[in-house]
Amino acid sequence: KAGVTQTPRYLIKTRGQQVTLSCSPISGHRSVSWYQQTPGQGLQFLFEYFSETQRNKGNFPGRFSGRQFSNSRSEMNVSTLELGDSALYLCASSFGGRQYFGPGTRLTVL
Amino acid sequence: SQQGEEDPQALSIQEGENATMNCSYKTSINNLQWYRQNSGRGLVHLILIRSNEREKHSGRLRVTLDTSKKSSSLLITASRAADTASYFCATIYLIQGAQKLVFGQGTRLTINP
């Protein structure tokens with residue numbers, strides 16, 4: 001099976017813009033989680049989707065949102081970007097309690 | 001914070017030596033997982049140990065779990081340059097009826113040739 005894929009791999013935006021990141025889980029996996037990784041805060045949980053429903057949410061402002069489609073693909077959106085949103089955004093699909101991570105999207109906000 | 005804490009934050013050893021990393025967590029868990037991350041890339045699952053297990057092996061990896069001390073350790077034996085990476089422990093917490101995977105801050109391991 002193909003692994004978790006994320007697009008784009010790298011992205012540069014300016015403050016105030018919005019961005020949409022995409023994640024395709026492993027075939028058959030219905031749960032998709034998103035994480036933000038920064039040097040200062042480490043790996044922080046953003047949200048989890050299961051069967052098109054947000055099942056769990058971390059402590060992030062409402063500028064961070066997501067959705068999941070019927071084919072389990074997921075997108076996350078960040079509106080009104082701030083410099084502090086620069087990070088590696090990781091997506092993971094899960095099965096049997098184990099998470100399978102994609103390579104991440106490196107977002108730089110200028 | 002519900003995150004686990006890892007110790008040490010950074011570890012540098014010579015190739016061939018053993019590397020030990022420790023993780024402590026705060027509340028009861030069902031299982032604890034270890035992941036590896038090569039620089040700036042996605043995480044790779046290494047091993048999962050359940051709360052009723054005390055030790056688990058996978059190749060050159062050995063994980064122990066002490067639920068009374070709320071701690072786990074990851075031992076990498078006969079280290080290789082390719083083991084250079086960051087290592088994270090992760091625990092699943094039940095929060096408001098939903099499971100959340102929470103990662104520690106990680107240990108940055110450097111293997112010197």
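Residue numbers start from 1 in every chain, and the chains themselves are labelled A, B, ... in the order their sequence lines are given, proteins ahead of strands. When reading the values below, keep in mind they use all heavy atoms of this one structure, side chains included, and skip hydrogens, waters and symmetry mates.
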Is it the case that atom [atom1] in [X] sees more than 12 heavy atoms from other parts of the structure closer than 6.0 Å?
| X | atom1 | result |
| --- | --- | --- |
| Arg15(A) | CZ | no |
| Phe95(A) | CZ | no |
| Asn71(A) | CG | yes |
| Arg108(B) | CZ | no |
| Arg80(B) | CZ | no |
| Arg50(B) | CZ | no |

Phe101(A)-Tyr35(B) aromatic ring centre distance below 6.0 Å
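Ring centroids of Phe101(A) and Tyr35(B) are less than 6.0 Å from each other.
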Contacting region of Leu48(B) [heavy-atom separation from chain A under 4.5 Å]
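The answer is the side chain of Leu48(B).
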In the single-linkage hydrophobic clustering (I, L, V, M, F, W, Y; side-chain heavy atoms under 4.5 Å), do Met76(A) and Tyr49(A) co-cluster?
yes
Phe103(B) vs Phe45(A) side-chain heavy atoms within contact, under 4.5 Å
no
Looking at [atom1] of [X] and [atom2] of [Y], how far apart are the two atoms once the value is rounded to the nearest 0.5 Å?
| X | Y | atom1 | atom2 | answer |
| --- | --- | --- | --- | --- |
| Gln37(A) | Phe88(B) | CD | CZ | 5.0 Å |
| Leu101(B) | Gln99(A) | CG | CD | 4.5 Å |
| Arg41(B) | Leu90(A) | CZ | CG | 12.0 Å |

Atom group of Arg106(A) that falls short of 4.5 Å from chain B, counting heavy atoms:
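Contact with chain B is through the side chain of Arg106(A) alone.
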Does any heavy atom of chain B fall under 4.5 Å from the side chain of Tyr100(A), the backbone, both, or neither of them?
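For Tyr100(A), no heavy atom lies under 4.5 Å from chain B.
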Kindly determine whether Val102(B) and Leu43(A) satisfy side chain to side chain contact (heavy atoms under 4.5 Å, CB included), including the steps that lead there.
CA-CA 8 Å; Val102(B) 178; Leu43(A) 270 159; over 6 Å; no
